[in-house]
Number of protein chains: 4
Amino acid sequence: MINTKYKARKPVQKRGIITRKKIIDAAVDEFTEKGYHNTNAMAIAIKAGVATGTFYSYFNDKKDIMIEIIKVIYADLSKKTLVDFQVTVSDNAMENYKECRRVVQYMIDIFHTAYVERPRLFEQIYAMVILDKDIYQVNREERHKIFTQLMFNLKDYADYIKVKDIETASRLLFISGDEIVRSIQLLSKEDDRKKMLNEFVAMACKYLMLPEE
Amino acid sequence: MINTKYKARKPVQKRGIITRKKIIDAAVDEFTEKGYHNTNAMAIAIKAGVATGTFYSYFNDKKDIMIEIIKVIYADLSKKTLVDFQVTVSDNAMENYKECRRVVQYMIDIFHTAYVERPRLFEQIYAMVILDKDIYQVNREERHKIFTQLMFNLKDYADYIKVKDIETASRLLFISGDEIVRSIQLLSKEDDRKKMLNEFVAMACKYLMLPEE
Amino acid sequence: MINTKYKARKPVQKRGIITRKKIIDAAVDEFTEKGYHNTNAMAIAIKAGVATGTFYSYFNDKKDIMIEIIKVIYADLSKKTLVDFQVTVSDNAMENYKECRRVVQYMIDIFHTAYVERPRLFEQIYAMVILDKDIYQVNREERHKIFTQLMFNLKDYADYIKVKDIETASRLLFISGDEIVRSIQLLSKEDDRKKMLNEFVAMACKYLMLPEE
Amino acid sequence: MINTKYKARKPVQKRGIITRKKIIDAAVDEFTEKGYHNTNAMAIAIKAGVATGTFYSYFNDKKDIMIEIIKVIYADLSKKTLVDFQVTVSDNAMENYKECRRVVQYMIDIFHTAYVERPRLFEQIYAMVILDKDIYQVNREERHKIFTQLMFNLKDYADYIKVKDIETASRLLFISGDEIVRSIQLLSKEDDRKKMLNEFVAMACKYLMLPEE
DNA sequence: AATGAATGAGTGTTCATTCAT
DNA sequence: CATGAATGAACACTCATTCAT
């Protein structure tokens with residue numbers, strides 16, 4: 001069977017753009033409520049108030065729309081959080097320690113907030129990241145953009161940071177922090193979750209600000 | 001989680017036990033090669049050299065065998081790693097620091113080794129943990145057993161460890177370490193992976209051994 | 001999506017063999033009545049009195065069953081027609097001419113009869129032969145078997161046949177005869193059809209028995 | 001076959017005629033490349049550089065454009081080949097034999113050339129002729145026009161042709177020749193193809209010029 | 001106990017055609 | 001007139017599970 005695909009319509013008319021948006025919103029709702037594997041294109045279409053064919057005009061398949069959702073989510077996250085974040089570098093060590101804490105705390109908060117706002121959706125994304133190479137790739141690229149900006153903030157502290165390899169350090173904190181945020185959602189008590197986040201920030205600061213062994 | 005199902009046969013005869021084992025092994029192979037969602041009961045049965053009906057004599061469904069696999073894997077892991085691990089507590093601070101390093105390193109190694117030996121299988125488990133409540137529950141229980149034993153080793157150091165809440169600290173290290181181990185598999189260079197693990201151990205030791213702020 | 005196929009069950013139990021036969025018969029009926037492109041797997045299954053899934057247990061797809069049908073048809077044809085065909089070579093030229101006529105006539109008759117018995121089915125096969133490489137290949141192989149046997153009969157006449165290249169001659173007659181048989185079905189009058197067949201036999205005999213220019 | 005449809009626009013303006021032509025050309029390309037059943041209206045429209053809606057302004061459906069293509073192709077063929085073909089009837093038998101050969105050869109060449117120039121397209125047409133009554137009807141009518149003209153040429157030879165029923169003879173040669181031309185495309189060697197064509201011309205001449213048995 | 005045949009609801013996907021802009 | 005967005009019935013195919021032998 002020859003490939004006849006001229007797929008994934010890029011809407012040019014205003015109506016098309018609106019429809020595309022409606023479908024994405026419906027997909028977010030469905031994935032959140034039922035999970036990626038427990039919903040289907042038809043259900044998404046119905047929720048969006050369009051025909052199944054319309055879904056497939058805009059997206060090649062279910063995976064395609066998941067990828068689009070990931071892009072939209074991280075774009076929103078980046079826009080909301082990183083725009084006006086400013087770092088103040090002081091001469092006072094204590095001030096700097098506090099400020100560093102604030103940076104790390106901020107990094108955690110970004111992902112924590114995102115996760116807390118849509119935990120079910122993020123869970124689906126995390127699982128898909130594991131299960132699918134393409135989803136993994138897209139997720140990685142989108143997170144890398146945010147990661148790069150966080151790196152940039154840490155660099156202002158270069159003089160006060162005692163770890164030698166700042167890049168590896170950033171990566172380590174990024175991965176750990178990201179996972180801590182995800183894992184603590186599974187804790188039942190709000191108290192436990194806070195304790196864990198605080199502990200992580202403490203660990204990160206000690207690690208960054210204290211001299212190498 | 002109360003299991004109301006009664007169907008799955010518990011083999012008592014030797015032949016039954018062997019058949020059950022063959023099916024589990026086949027399922028491990030299939031999940032590893034194709035992933036949980038891309039495998040079906042028939043494929044597992046064929047690989048095990050039994051009829052599809054036989055599969056359903058021993059397991060209620062696909063999820064049931066996944067749960068069984070998780071139990072077997074962690075039981076093996078626990079048996080292999082924790083049996084003869086011994087900690088030496090000294091009076092010398094430097095020695096203790098080294099020994100602490102060894103403990104943390106060991107903890108990392110356990111999961112690192114397990115992951116490295118069957119990365120594809122562990123990926124599937126991690127994803128299922130997110131996607132399915134029952135799998136999550138079983139995974140949590142099994143890991144808790146190992147976690148408890150690691151905790152026990154850390155407690156020997158109570159006097160030399162400066163963090164106040166040793167339980168939260170253990171949990172933090174457990175989650176972070178576990179995720180670091182998983183994430184570094186995605187790094188392409190062996191060097192980068194080693195660097196990240198070393199960095200984690202350094203962070204953990206600093207965090208544990210240095211006085212609270 | 002990884003290929004999980006363990007398809008096209010080869011029935012081992014008696015029940016399976018009967019079911020397979022029922023499905024083939026139903027497919028012949030459907031293709032004959034509605035044409036290959038106007039029927040579907042489900043309709044075939046229903047006509048066979050089985051579930052759609054059962055259809056796909058025995059055949060990978062619609063094309064697969066078409067191939068099977070072609071094989072069965074030509075096998076039957078070969079069995080029915082070529083078993084007891086005997087050629088008598090005489091010293092008398094007139095007798096030989098008549099006998100030759102008989103051979104050519106026989107060749108025509110085989111395919112004519114087959115076509116006339118199931119014209120709608122053969123039309124579908126002919127069309128599929130054009131449209132699909134795999135079908136073309138299978139059809140070619142099956143016809144080649146019959147062709148080879150016809151060739152063998154013509155060879156008894158080697159001394160009385162005046163064309164130099166007997167193989168090309170055989171092929172030419174095979175292709176022409178085959179197509180004449182097909183084309184005349186489109187003629188509305190039985191008389192016209194007979195006339196055309198007779199004319200073809202005349203042409204073939206003249207061509208074969210008369211000396212080269 | 002009475003066409004009760006009224007939808008398809010008959011363009012009168014120059015722009016409309018050009019658009020219609022563009023769509024037909026695109027359809028020819030698509031049918032040639034992918035085959036009739038693997039092409040859809042949208043693909044044709046895109047290739048023609050128009051909207052799908054425009055396609056349906058000019059043609060009622062996919063079949064409609066196929067019919068149009070058949071008409072155009074045979075009209076072109078007729079125009080190109082039959083316009084200036086002249087037959088010279090001589091008193092010399094040898095000359096006449098040669099001339100007859102030329103006529104038959106010419107007939108073959110017309111279809112051979114047409115087929116060779118667009119084999120994939122003609123295959124599609126041949127298949128559609130079998131599968132669809134309307135296509136069959138149109139094809140028959142168009143070919144009949146050419147056939148009539150060829151007949152006309154053969155009639156100049158009436159005195160030198162020994163077959164009684166010249167109409168049946170013409171038909172026979174027409175069908176056989178047509179199919180030979182189609183079938184030899186499947187032979188891999190150019191040599192074999194030539195041999196078969198020569199053989200056919202030889203057979204036709206013998207048949208036509210030699211006295212009835 | 002074991003087999004493997006049978007089930008059928010469900011899924012992703014296509015495309016000829018219509019219609020609002 | 002032209003556009004391209006929207007439709008939705010239809011189809012090929014899958015697979016967890018049951019059941020007759």
Side-chain angles (χ1 to χ4, degrees), chain A residues 1 4-7 9-20 37 39-43 45 49-63, chain B residues 7 9 11 13 15-16 19 37-46 50-58 60-63, chain C residues 1 4-7 9-20 37 39-43 45-46 49-63, chain D residues 7 9 11 13 15-16 19 37-46 50-63:
Chain A
M1 198 86 356
T4 329
K5 289 183 184 174
Y6 290 89
K7 298 291 294 291
R9 177 195 301 163
K10 284 242 163 179
V12 287
Q13 295 180 1
K14 197 182 167 187
R15 182 162 62 129
I17 292 163
I18 290 168
T19 302
R20 193 167 187 279
H37 288 93
T39 196
N40 59 16
M42 214 184 105
V50 299
T52 42
T54 307
F55 176 92
Y56 282 96
S57 304
Y58 290 99
F59 304 97
N60 294 314
D61 49 34
K62 236 167 79 177
K63 200 164 99 178
Chain B
K7 256 184 48 200
R9 177 194 311 156
Q13 287 183 7
R15 183 161 65 128
T19 303
H37 289 94
N38 298 319
T39 303
N40 58 27
M42 205 183 124
I44 294 169
I46 288 172
V50 300
T52 40
T54 308
F55 177 91
Y56 281 92
S57 308
Y58 288 97
N60 295 312
D61 50 35
K62 232 168 84 175
K63 203 162 94 180
Chain C
M1 194 91 348
T4 328
K5 290 183 183 171
Y6 291 87
K7 299 289 296 291
R9 176 196 301 162
K10 284 242 160 179
V12 289
Q13 294 181 359
K14 196 182 167 187
R15 183 163 61 129
I17 292 163
I18 291 167
T19 302
R20 193 168 187 279
H37 288 93
T39 196
N40 59 16
M42 212 183 107
I46 288 172
V50 298
T52 41
T54 307
F55 176 92
Y56 284 97
S57 303
Y58 290 99
F59 304 96
N60 295 313
D61 49 35
K62 235 166 80 176
K63 200 163 98 179
Chain D
K7 255 187 49 200
R9 174 196 312 158
Q13 287 183 8
R15 183 160 67 126
T19 302
H37 288 94
N38 298 318
T39 303
N40 57 29
M42 205 183 123
I44 294 170
I46 287 172
V50 300
T52 40
T54 307
F55 176 92
Y56 281 93
S57 308
Y58 287 97
F59 303 96
N60 295 313
D61 50 35
K62 231 168 88 175
K63 203 163 92 179

message: Just so I know, are the side chains of B/Met42 and B/Phe55 near enough to count as touching, which here means a heavy-atom distance under 4.5 Å?
response: no
- prompt: What's the CD1-C1' distance between B/Ile46 and E/dT3, to the nearest Å?
  reply: 13 Å
Where A/Ala45 and A/Ala51 come nearest, the two heavy atoms and their spacing: CB-O, 3.7 Å
- request: For D/Thr52, check side chain to side chain donor-acceptor pair (under 3.5 Å) against everything at least two apart and list the hits.
  value: none
- prompt: 5'-most contact on DNA chain E: B/Thr19 or C/Thr19, nearest heavy atom basis?
  reply: B/Thr19
message: Using whole Å, what does the distance between atom C1' of nucleotide E/dG4 and atom CD1 of C/Ile17 come to?
response: 13 Å
task: Can you see which heavy atom on C/Lys62 is nearest to which on C/His37, and at what distance?
output: NZ-CA, 4.2 Å
query: List DNA chain F stems (3 or more consecutive Watson-Crick/G-U pairs, under 3.5 Å)?
result: E:2-21 with F:2-21
field: Considering all heavy atoms, the nearest C/Tyr58-C/Thr19 contact
entry: CE1-CG2, 3.9 Å
field: Shortest side-chain distance from B/Tyr58, nucleotide among F/dA5, E/dT7, E/dA2
entry: E/dA2
- line: Between C/Gly53 and B/Gly53, whichever has its closest DNA chain F nucleotide further toward 5' is C/Gly53
field: Partner set under side-chain contact (heavy atoms from CB on, under 4.5 Å) for A/Ala43, not counting sequence neighbours
entry: A/Glu30, A/Lys34, A/Thr39, A/Asn40
task: Report the residue (A/Phe55 or B/Val50) whose heavy-atom-nearest nucleotide on DNA chain E is the more 5′ of the two.
output: B/Val50
Nucleotides 10-12 of chain F: which of its N/O atoms have a protein N/O under 3.5 Å away?
from: F/dC11; atom 1: OP2; to: C/Asn40; atom 2: ND2; distance (Å): 3.3
from: F/dA12; atom 1: OP1; to: C/Lys62; atom 2: NZ; distance (Å): 3.3
from: F/dA12; atom 1: OP2; to: C/Ala41; atom 2: N; distance (Å): 3.4

- prompt: Can you check whether B/Ser57 has a side-chain N or O nearer than 4.0 Å to OP1 or OP2 of E/dA2?
  reply: no
- prompt: NZ of B/Lys63 versus C1' of F/dC15: gap in Å, rounded?
  reply: 17 Å
- prompt: Whole-Å distance between F/dT14 C1' and B/His37 NE2?
  reply: 15 Å
